[in-house]
Protein chains: 2
Amino acid sequence: MWDGCGRPRNRLGAVLEVRNPADRPEADADSRPLPPEDAVTATIRDVARRAGVSPITASRAFSGTHPVAEETRRRVFAAAEELGYVPDLLARGLVHRRSPMIGMVVLELANPFVNPIIDGVQAVAFERNHLLIVNQSLRSREMEEASLSRFRQMRVAGVLVAPISPDLRHLEELRAQGVPVVVFSRRWAGGDYVTVDDCEGGRIAGEHLVRLGHRRVGFVALGEAGNTAVEARLEGLLNALQRGGAVCRPEWRLFTRQQTPEDGIAAADLYAQLAERPTAMFVTADRVAIGFVHRLRERGLRVPEDVAVVGYDDIHYSQFLEVPLTTVALPKHELGRRAAEILFRRIEGNDAGGPPQQVLLQPRLVVRRSCGAGAETR
Amino acid sequence: MWDGCGRPRNRLGAVLEVRNPADRPEADADSRPLPPEDAVTATIRDVARRAGVSPITASRAFSGTHPVAEETRRRVFAAAEELGYVPDLLARGLVHRRSPMIGMVVLELANPFVNPIIDGVQAVAFERNHLLIVNQSLRSREMEEASLSRFRQMRVAGVLVAPISPDLRHLEELRAQGVPVVVFSRRWAGGDYVTVDDCEGGRIAGEHLVRLGHRRVGFVALGEAGNTAVEARLEGLLNALQRGGAVCRPEWRLFTRQQTPEDGIAAADLYAQLAERPTAMFVTADRVAIGFVHRLRERGLRVPEDVAVVGYDDIHYSQFLEVPLTTVALPKHELGRRAAEILFRRIEGNDAGGPPQQVLLQPRLVVRRSCGAGAETR
DNA sequence: TAGTGGTATGATAGCGTTATCAGGATACCG
DNA sequence: CGGTATCCTGATAACGCTATCATACCACTA
């Protein structure tokens with residue numbers, strides 16, 4: 001008989017040397033020599049020769065910028081096929097001073113919130129024959145700028161950014177240099193952006209809680225200087241509460257370092273220690289709300305009976321949690337799609353100097369169980 | 001008083017024309033003319049002139065390939081600074097016949113399973129001064145090939161692929177043309193790959209269930225032809241069951257179309273209709289398990305009392321579900337990192353013709369509550 | 001003095017593609 | 001027949017950069 005998994009076992013795999021990242025030239029770029037052997041690739045000249053036409057004609061057959069006789073076109077394509085010709089987009093890009101790619105900077109790839117956004121962007125880019133370069137800033141201004149600089153060096157056709165700070169001068173500069181820029185998940189006074197109406201998001205969360213009778217409402221958010229999204233959500237919440245005769249005292253506003261479930265756990269511990277506890281909490285990120293609810297229950301607090309919780313984002317799993325989460329849903333895929341569409345309008349030049357395109361998408365409340373209202377599951 | 005959100009309301013945002021994707025030349029690429037006005041960018045020649053050196057010297061100051069006197073270097077950098085010079089990586093790439101980018105094809109961006117993998121790859125790429133291009137194949141061979149073809153046209157330095165089918169001839173061809181290729185999430189007989197030992201994953205799931213006394217075990221997986229990962233997991237499961245005196249009858253093996261929670265819901269409905277039900281189910285994707293468990297509970301079946309469930313992947317939320325999921329955890333971030341490291345060894349040429357690097361990472365069982373064993377939360 | 005090796009710079013010639021300018025061919029019109 | 005328009009093709013010259021070869025200088029050795 002046989003041991004269960006009859007394959008060569010190699011627990012660690014081949015051992016890889018750890019390379020020292022410091023052993024490279026100090027200069028900005030790494031331009032190492034050509035690889036030793038070089039599989040010769042056919043150029044458009046080879047194709048042209050074989051098809052018995054000039055390289056220019058061959059070029060036109062591929063790019064379709066000028067008319068080419070059907071018969072010629074067939075010969076060129078046949079020759080290309082035989083030679084395994086693949087056009088060199090670097091060379092084409094050098095001529096056009098632009099490469100068929102768009103760059104995107106997201107805050108963090110590890111956040112499931114960004115998947116649908118990237119997905120939306122990618123769909124549009126693919127359709128438009130552009131590649132998508134994705135970098136993350138990890139909420140560091142330095143990394144954001146580094147990514148943008150790289151994009152520019154690659155002469156990307158355009159750039160989508162979720163900026164980490166409200167200071168967007170670097171984006172203005174980039175735009176001034178002729179690179180179309182669209183911001184998402186934030187506003188941009190003189191520029192194109194697509195974002196969600198966070199004030200409205202806060203408002204609908206607050207209204208819902210007021211309607212359910214809550215008079216003391218707490219707030220959990222990312223505690224980051226200059227995060228206007230957080231400010232807007234709080235503003236919306238406060239407005240709704242005020243009109244409903246409810247309050248959110250400053251000591252009930254808890255701020256987290258990041259946006260992980262672990263931050264929610266920490267927030268729940270803080271909540272539990274409050275002298276006078278709010279009966280409801282608006283937790284402005286589902287990822288955080290997940291940990292928050294989890295920890296409350298560990299501590300013997302019931303959700304929604306003892307504490308009502310409203311989340312934000314409506315990430316995909318919120319409906320399957322231990323307590324399905326009532327939350328403010330954002331049109332994430334649409335956000336990515338719209339941002340990309342605006343970018344391509346700029347790129348294609350129909351709209352180069354046009355007025356700023358500023359899109360404010362509307363959030364909507366998804367009522368589940370964490371507030372104790374009618375438990376519809378969307 | 002004021003209406004709650006004192007900002008210009010624009011529910012739909014600016015109206016965008018829907019562009020007809022068909023109104024472009026039939027040829028493969030879109031090479032449109034230059035944008036009307038062109039912000040002139042300084043070239044290395046301008047920098048050189050200003051610094052009083054030849055362009056070659058300036059080039060060397062930036063790339064660090066040849067020694068340049070400290071004083072000269074300073075002058076060049078100063079000139080670059082003054083002119084706002086940004087090196088053109090397209091031009092450099094044209095010379096090197098390679099661009100500082102790596103391409104990555106994942107199955108689907110919308111799956112939270114891929115986030116940590118992309119994250120791992122991105123970290124390595126960023127460190128190595130390379131950009132990461134991400135495409136998704138959406139499980140379509142055609143899209144996979146299209147992405148790879150685009151990558152090749154951009155002369156990417158290397159490619160990471162999670163192939164949709166076990167037929168990897170297109171990858172062999174790509175490699176033969178001099179593009180380093182590393183496969184992940186699948187094996188590749190003659191090539192580099194990093195994947196998880198799925199047979200072992202099935203085995204540890206099966207062993208766990210046997211140990212808990214289950215004798216009838218079902219299986220839920222993606223029902224896709226040629227999915228060797230699924231086959232391996234089933235094989236491992238069956239081995240473990242056999243040794244423990246348990247069975248997984250064919251009619252207890254349920255296959256889904258995709259890997260969404262909705263597929264899990266459908267699978268739960270099938271399960272409920274079985275004449276004789278298994279007491280445990282091995283659901284080979286947490287996303288599916290989430291829906292599966294959810295629906296079982298909706299139907300009044302208790303987890304784990306009536307049905308034990310083991311998942312696969314250990315996506316981030318599995319611990320926060322209505323029933324925290326016992327699951328087979330995969331080292332996703334490490335998988336991405338390792339794959340990228342192998343790729344860069346090839347790219348940097350230290351290892352160009354070396355033997356295949358084949359890494360099999362080991363999964364591990366994370367015991368939570370969905371099987372009724374000791375409810376440790378990791 | 002001639003020879004050797006290392007260092008710093010430059011001139012030339014591409015890398016593969018397409019914009020631009022210039023035709024040659026064909027067709028249709030009066 | 002000449003003229004004008006349309007369609008197709010070609011020669012030349014970039015795009016911005018760097019590999020390659022060549023040179024000039026200095027310091028040291030024999």
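In what follows, every chain begins at residue 1, and chains take the letters A, B, ... in the order their sequences are listed.
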Rounded to whole Å, CZ of B:Arg73 lies from P of C:dT7 at a distance of 17 Å

Using five base pairs at each end, measure the axis-to-axis angle across the helix from C:dT1-D:dA30 to C:dG30-D:dC1 and round it to 10 degrees. 50°

Using atom names, set out every protein N or O paired with an N or O of nucleotides 26-28 of chain D below 3.5 Å, distance rounded to 0.1 Å.
none

Between B:Arg73 and B:Glu70 (salt bridge meaning N to carboxylate O under 4.0 Å), is one present in this structure? yes

Please report, rounded to the nearest Å, how far the P atom of C:dA19 is from the CD1 atom of A:Ile44. 11 Å

Take atom CE of A:Met154 and atom P of D:dG16, then tell me their distance rounded to the nearest Å. 15 Å

Can you tell if the side chain of B:Glu71 reaches within under 4.5 Å of the side chain of B:Arg75, non-hydrogen atoms only? yes

Side chain of B:Arg92 - closest among D:dC17, D:dG16, C:dT17: D:dC17

Hey, does A:Ile102 have a side-chain heavy atom less than 4.5 Å from the side chain of A:Arg128? no

Going by heavy atoms in the side chains, are B:Ile118 and B:Leu132 under 4.5 Å from each other? yes

Can you find a heavy atom in the side chain of B:Met154 that is under 4.5 Å from one in the side chain of A:Leu90? yes

Please state how far atom CG in A:Leu90 lies from atom P in D:dC17, giving the value in whole angstrom units. 14 Å

Could you tell me the separation between the NE2 atom of A:His96 and the C1' atom of C:dT20, rounded to a whole number of Å? 13 Å

Within less than 4.0 Å of OP1 or OP2 of D:dG16, is there a side-chain N or O belonging to A:Arg97? yes

All N/O contacts under 3.5 Å from nucleotides 7-10 of chain D to the protein, with atom names and distances to one decimal?
residue, atom, partner, partner atom, Å
D:dT9, OP1, A:Thr72, OG1, 2.5
D:dT9, OP2, A:Ala69, N, 3.1
D:dG10, OP2, A:Ser54, N, 2.9
D:dG10, OP2, A:Ser54, OG, 3.1
D:dG10, OP2, A:Thr57, OG1, 2.6
D:dG10, N7, A:Arg60, NH2, 2.8
D:dG10, O6, A:Arg60, NH2, 3.2

Among C:dT17, D:dC17, D:dC15, find the nucleotide with the atom closest to the side chain of B:Thr43. D:dC17

C:dT18 OP1/OP2 closer than 4.0 Å to side-chain N/O of A:Ser59: yes

Check the distance between C:dG14's P and A:Asp88's CG and give it to me in whole angstrom. 18 Å

Taken to the nearest whole Å, CG/B:Leu94 to P/D:dA14 is 17 Å

Partner of A:Arg338 under side-chain contact (heavy atoms from CB on, under 4.5 Å), chosen from A:Val121, A:Leu343, A:Val182, A:Val194: A:Val194

Separation of C:dT18 atom P from A:Arg98 atom CZ, nearest Å, is 15 Å

Do B:Arg337 and B:Glu341 make a side-chain contact, defined as non-hydrogen atoms from C-beta onward lying under 4.5 Å apart? yes

